[in-house]
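Letters go in sequence order (proteins before strands), and every chain restarts at 1.
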Number of protein chains: 2
Amino acid sequence: MVSIKDIAKQAGVSISTVSYALNNSPKVTLETKTRILAVAKELNYVPNAAARQLKKQESLIIGAFLTDFSGAFYGDLLQGMKEVVNRKGYDLIVCSGKQSHRLLPERMIDGAIILDSAFSDEELLEYADRGHRLVVLDRELRHDNINQVLLDNKAGANLAMDYLIENGHRKLYIVCGPPDSYDSRQRLTAVRQTLDRHPEVEAVFLEGDFNKASGEAAGKKILSELSGEPPGVFCLNDEMAIGLFQTVQDHGKGIGVDLSLVGFDNIDLTRYLSPRLATIEYSKHRWGAMASQQLLQMISGEQVEHERIYVSLVEGESVRPRGAES
Amino acid sequence: MVSIKDIAKQAGVSISTVSYALNNSPKVTLETKTRILAVAKELNYVPNAAARQLKKQESLIIGAFLTDFSGAFYGDLLQGMKEVVNRKGYDLIVCSGKQSHRLLPERMIDGAIILDSAFSDEELLEYADRGHRLVVLDRELRHDNINQVLLDNKAGANLAMDYLIENGHRKLYIVCGPPDSYDSRQRLTAVRQTLDRHPEVEAVFLEGDFNKASGEAAGKKILSELSGEPPGVFCLNDEMAIGLFQTVQDHGKGIGVDLSLVGFDNIDLTRYLSPRLATIEYSKHRWGAMASQQLLQMISGEQVEHERIYVSLVEGESVRPRGAES
DNA sequence: TTGTACGCGTTATCAT
DNA sequence: ATGATAACGCGTACAA
């Protein structure tokens, strides 16, 4: 492994001169600099990240921590993060699982973006206390070293509920998410608020865990209760909506006919459904980009405000007008 | 940032004693060891990865390099990798993009698994020459420091082709992948071999790039030529097959009725299709696990042989018997 | 331009 | 048998 020491020997200068030359310092003449660079290239020199990091106390690496690598959901998000950090000379690495948490306190990374309920609030606060900079996408946490970039879940859930109600549905099913998910809790809170504003609407809450299977289960339950006016169904995420969607179709019933359905997230998968699934959309790319931007600003010492990612309704034929207003 | 020096001061011992204690060396009394550990915990000590790495010349981190983060395809693969490396005390980080390549020569990672055509063969060979250990999943490359774990693409393509031919199809369309993809080239080679064995079969090759859009384009082309016996279509990956699938259905034609369709990869998405897409399956989890295992063995100095991931045919109603043999 | 202290942890060597 | 001293890994940056 060739080090600056080797270069120094070969070029007949001291290691400090080599270091200055490699770092474009004006402290060396152009002449010696070019000679040193030539030697470095010839020897195939590559700096040792650990040594530089040890001295500079920075790695130029940002970590993104995800619950899992299952992906479908994360592509755009990570792409958004990466583009921003790359532009500033940082690299993005993606990690998952408890074991990798060490990278943060051991200072392998200069900051982290968290979308992973495997981190407890306490753990994150401890890291923040140690001086590590964090951006959280999945919880509210107040600390000088923590910034949050959160979805406007409540607005989204309101949009979804209003859409069903405006289309004349007076009986609604809500397929919930896991209680330990911040997003799920927020969406549910907004659902309740909407229902408070609409006492004429009857609502039934069904359990769910954001996975497809729980959407299927909810679908069966709803099918077994079908009677009279078609109900509206709001699944708190698209994956469950897809499970429900298919269960309904597999039983010979029609989405948008025998019931109306709205999801949340506008994941890529919905492109493969027909009729179009109404859902709540937001830019995952922007979410990731914003998170990176906030993190880098914190690292460079700037003050940042918490950010919110706005959402909008995507209409679809999975919802159709009913009753009086139809 | 508390270091072993702080612990030494607090505990009234030398820094080396602290290091020995933290590393469970028998060179310190149980008594002093427990005292030192207590102090370490009290001070919230966490070792500095850069310092340890600098001395030990290892980071206990494995890098997985992917073409992009788009995910849908990679979830299981990465999970397989992670489980294996975690079990051996390593962490897995996922990287994408040219900029992150530096992590390898700069020795931030102890080894890498490559599934990313953004690496040229030359670049990889250079890293291998420098002593870095690599496992490649997307090319053949012979070097003492490179191991390959490749899909049995040829067997898969043969299975797909035979399946269509056995079901009586005498006119076949092949929707190709990008020419710079190893997997695509391998599959195409096997297709040609199968065709050589079946001179009675007429084949038409259509361009494709492994993305959904190119499957849609191929679908339109095929629809415009439909006449007589339903043809068989082999898309060299599932994503294109899905594009073709939907194009056909959107035009009022039936998959398995007006044409038979086979894909390759058995990606999750196919669960959302009806009728079932016939495709070529393999364990992505096993693929990742095998790659990690091979890499760790190389790192620990063991000799390893190249590995192959076997594939099998998943039958589906997207293919139905035709003509004489039906 | 160069010598050198420093960042932090590991480990061989030496002293008690 | 215990534990301290010091060299080392590699690059950076201040002082000379």
Q: Over 60° means perpendicular and under 30° means parallel, so classify the ring planes of B/Phe119 and B/His101, tilted if in between.
A: parallel

Nucleotide [N], atom [atom2] - distance to [atom1] of [X] in whole Å:
| X | N | atom1 | atom2 | answer |
| --- | --- | --- | --- | --- |
| B/Lys5 | D/dA6 | NZ | P | 14 Å |
| A/Gln53 | C/dG9 | CD | P | 13 Å |
| B/Lys9 | C/dC8 | NZ | P | 12 Å |
| A/Met108 | C/dC8 | CE | C1' | 14 Å |
| A/Glu31 | C/dT1 | CD | C1' | 13 Å |
| B/Leu54 | D/dA7 | CG | C1' | 13 Å |
| A/Asn48 | D/dT12 | CG | C1' | 13 Å |
| B/Ile36 | D/dT2 | CD1 | P | 13 Å |

Once you apply a heavy-atom cut-off of 4.0 Å, does [X] come out as touching a base, just sugar-phosphate, or nothing?
| X | answer |
| --- | --- |
| B/Val18 | nothing |
| B/Ser25 | nothing |
| A/Gln57 | sugar-phosphate |
| A/Thr29 | sugar-phosphate |

**Q.** Salt bridge A/Asp91-B/Arg102, side-chain N to carboxylate O under 4.0 Å
**A.** yes

**Q.** Side chain A/Asn147, main chain A/Gln294, donor-acceptor under 3.5 Å
**A.** no

Q. If only atom types and distance count, is the side chain of B/Asp138 paired as donor or acceptor with the main-chain N or O of B/Asp116 below 3.5 Å?
A. yes

Q) Taking the six-membered ring of A/Tyr45, is NZ or CZ of A/Lys41 closer than 6.0 Å to its centre and within 45° of its axis? A) no

**Q.** B/Gln148 vs B/Arg308, side-chain contact (heavy atoms from CB on, under 4.5 Å): CA-CA, chis, key distance, verdict
**A.** CA-CA 8 Å; B/Gln148 50 196 53; B/Arg308 191 168 287 281; over 6 Å; no

Q: Test side-chain hydrogen bond (donor to acceptor under 3.5 Å, both in side chains) on B/His143 and B/Asp129 and set out the steps.
A: CA-CA 8 Å; B/His143 189 290; B/Asp129 277 339; 2.8 Å; yes

Q: Would you mind building the protein contact string for nucleotides 10-16 of chain C? One character per nucleotide, 5' to 3', B for base within reach (heavy atoms under 4.0 Å), S for sugar-phosphate only, - for untouched.
A: BBBB---

Q: Choose from C/dG3, C/dG9, D/dC10 the nucleotide whose nearest atom is closest to any side-chain atom of B/Arg107.
A: D/dC10

